Peer 1: 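A single structure is presented below for examination.
Source: prediction; values computed, not measured.
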Number of protein chains: 2
Amino acid sequence: MPSRDPFRASHVASRRNRPAKPPLSRDAIVAEALRQISQDGGGMSLRKIATALDTGPASLYAYVDDLSELQALVLDHALDEVTVGAAGEPWRARLERLLRSYAEVLAKSPALAQLAFQTVAVGPNALRIAEALLEILDEAGVEPATAAWAIDMLTMSMAAAAAGHAYGLDPAAPDSPVAQAVDRVSADEYPRVHAARADIMSGTGDERFAWSVDVLIRGILARP
Amino acid sequence: MPSRDPFRASHVASRRNRPAKPPLSRDAIVAEALRQISQDGGGMSLRKIATALDTGPASLYAYVDDLSELQALVLDHALDEVTVGAAGEPWRARLERLLRSYAEVLAKSPALAQLAFQTVAVGPNALRIAEALLEILDEAGVEPATAAWAIDMLTMSMAAAAAGHAYGLDPAAPDSPVAQAVDRVSADEYPRVHAARADIMSGTGDERFAWSVDVLIRGILARP
DNA sequence: ACCTGAACACCGTTCAAGT
DNA sequence: ACCTGAACACCGTTCAAGT
């Protein structure tokens, strides 16, 4: 309920009833959507966005085709915060920082991480990130064709890492449903899983993230 | 509308009005849910399941805690169809076939692929697959700790591949939204992406799948 | 032309009331 | 004890009617 905000009401005393409602716009809609989806609580919805912007849900359709278009806009807007480094840095460190930044942005909320799976970002930020990745992989000596395919794989893997982290599937948590299930695995039926119990649950989120980035980089560099 | 099925009606003539409605059960609910989510059309819902099973939505709660529990059950049930190969086969070919089978099962419908991201499968089939992966990676000479972490990464990557395929994000399709966006990239702002245009869109789904499996295997094997 | 109230066709979940 | 009708609090989208 933004209109109940006591500061706002006393601040702009001259229009208490309609407190400087900004005109509806694509940007305002996307910004409010990103605000909602970034909150830990729940996801975004057209109806909640409309309410927050003081209109009915139908009004949004003047600025946005449908939910899926809005989702794409929101995802790209979220990627604003991804830092991409600068040419000249050692490529390995730069790549790791870029990927970590990407994963961290998506991990801000489960709903945002989820969005990265449902939606392909093709906005300016996705392009900016792709551009940087191509630069880095070029410096690393990766062939252009390989690098082009690697973009998809790297970003998808970061989305997966973010989702795992955001959902608290972090196997580090010993009381997670996964941890409990793995602990109860029968040694007779699944001897290898049973034996690997400790390994499966080992490591911090950071260690596992670093490991998977390592696997990806080695795998991509090892291409003939 | 299953009750309009002419065969069923004439087959069991003695109870035309209530055509041998099977008793509600967890299995029946999961089976119907899987049927719905596997259809290309749309996803599953508790209400549609209830209607198909000739009850109200509230009745399902006697057999299932909530939607997320049902989703986990459905995912594991879907993994029934994943073939895991047999010990003794050359590990490389076996791994590739297992992963392909896994991805193909999930790619049966967009909704199913999506489910693999939202839900961690911890049922018998997920364990069966994890057991096989540990067997294969052991034969490949991968250290136990590495193999344990690799399970997560491999299954997540297959879910990503399946989602890409199922959603028709297949960049092979030259008229996809992604293809159009990539084609229109400005050479000034994003020179590398522009130059890589053709490479980004190149390859069949199969080629890209094989490539990403290759990257993963090389990356995992390259671990010290 | 731009905007929107109200309706439509859906959701998951709860709970009092039935057998 | 087992089951469920009806209600609750939500969805995205459409469309006739308003300015």
Side-chain angles (χ1 to χ4, degrees), chain A residues 1-3 17-18 20-30 32-37 39-75 109-112 114-115 117-119 167 177, chain B residues 1-3 17-18 20-30 32-37 39-75 109-112 114-115 117-119 167 177:
Chain A
M1 307 254 153
S3 57
N17 278 344
R18 307 250 148 191
K21 167 186 166 186
L24 218 49
S25 75
R26 215 174 145 99
D27 279 356
I29 292 168
V30 173
E32 172 59 26
L34 184 56
R35 210 188 56 75
Q36 287 184 9
I37 207 174
Q39 278 179 26
D40 239 86
M44 73 188 211
S45 88
L46 289 174
R47 292 187 103 103
K48 284 196 295 188
I49 294 164
T51 304
L53 263 36
D54 211 5
T55 15
S59 307
L60 305 182
Y61 286 83
Y63 303 92
V64 145
D65 276 354
D66 57 11
L67 180 63
S68 75
E69 200 208 9
L70 178 58
Q71 287 172 327
L73 292 169
V74 167
L75 179 57
S109 84
L112 190 58
Q114 197 57 38
L115 200 60
F117 285 127
Q118 273 165 41
T119 315
Y167 272 96
Chain B
M1 310 256 152
S3 57
N17 279 345
R18 308 247 149 192
K21 168 187 167 187
L24 218 49
S25 74
R26 216 174 145 98
D27 279 357
I29 292 168
V30 173
E32 172 59 26
L34 184 56
R35 209 188 57 75
Q36 287 183 10
I37 207 174
Q39 277 179 29
D40 239 87
M44 73 188 212
S45 89
L46 288 175
R47 291 186 105 102
K48 284 196 296 187
I49 294 164
T51 306
L53 263 35
D54 209 5
T55 13
S59 307
L60 304 182
Y61 285 84
Y63 302 93
V64 146
D65 275 355
D66 56 11
L67 180 63
S68 75
E69 200 209 11
L70 178 58
Q71 286 171 327
L73 292 170
V74 167
L75 178 56
S109 85
L112 190 58
Q114 197 58 37
L115 199 61
F117 285 127
Q118 273 166 39
T119 315
Y167 272 96

Peer 1: In this structure, how many angstroms lie between the C1' atom of C:dC11 and the CE atom of B:M44, rounded?
Peer 2: 13 Å
Peer 1: Any side-chain N or O of B:Y63 under 4.0 Å from OP1/OP2 of D:dC3?
Peer 2: yes
Peer 1: Can you tabulate the close N/O pairs, meaning under 3.5 Å, that link protein atoms to atoms of nucleotides 13-17 of chain C?
Peer 2:
residue : atom : partner : partner atom : Å
C:dT13  : OP2  : B:Y61   : OH           : 2.7
C:dT13  : OP2  : B:L67   : N            : 3.0
C:dT13  : O5'  : B:Y61   : OH           : 3.0

Peer 1: Rounded off to whole Å, could you give me the NZ-to-P distance for the A:K48 and D:dC10 pair?
Peer 2: 9 Å
Peer 1: Please check the phosphate of C:dC3 (OP1 and OP2 only) for any side-chain N or O of A:S59 closer than 4.0 Å.
Peer 2: no
Peer 1: Regarding B:D66 and B:S68, do their side chains bring together a donor and an acceptor under 3.5 Å, going by distance alone?
Peer 2: yes
Peer 1: Can you confirm whether A:K48 sits close enough to A:E32 that some side-chain heavy atom of one is under 4.5 Å from a side-chain heavy atom of the other?
Peer 2: no
Peer 1: Send over the distance from A:L53 CG to C:dT4 C1', rounded to a whole Å.
Peer 2: 14 Å
Peer 1: If you look at every heavy atom in B:T119 and B:A72, which pair is closest and at what distance?
Peer 2: CG2-CA, 3.5 Å
Peer 1: Can you give me the closest heavy-atom contact between B:L70 and B:L46, atom names plus distance?
Peer 2: CD2-CD2, 3.6 Å
Peer 1: Rounded to the nearest angstrom, tell me the gap between atom CG in B:L60 and atom C1' in D:dC2.
Peer 2: 14 Å
Peer 1: Quick one: closest heavy-atom pair of A:S45 and A:Q36, and the distance?
Peer 2: N-OE1, 3.5 Å
Peer 1: Relative to the 5' end of DNA chain C, which residue comes earlier, B:S45 or A:A62, by the nucleotide with the nearest heavy atom?
Peer 2: A:A62
Peer 1: With a 4.5 Å limit on heavy-atom distance, are the side chains of A:I49 and A:R35 in contact?
Peer 2: no
Peer 1: In this structure, which stretches of DNA chain C are paired as stems of three or more consecutive Watson-Crick or G-U pairs, both distances less than 3.5 Å?
Peer 2: C:4-8 with D:12-16, C:12-16 with D:4-8
Peer 1: Please report, rounded to the nearest Å, how far the C1' atom of D:dG12 is from the CG atom of A:L70.
Peer 2: 12 Å
Peer 1: Any chance you could measure A:L115, atom CG, to A:M44, atom CE, to the nearest 0.5 Å?
Peer 2: 6.5 Å
Peer 1: At their closest point, which heavy atom of A:Q114 faces which heavy atom of B:F117, and how far apart are they?
Peer 2: NE2-CB, 4.2 Å
Peer 1: A:A111 and A:G43: which non-hydrogen atoms are nearest, and at how many Å?
Peer 2: CB-CA, 4.1 Å
Peer 1: Starting at CG of B:L24 and ending at P of D:dA1, how long is that distance when rounded to a whole Å?
Peer 2: 20 Å
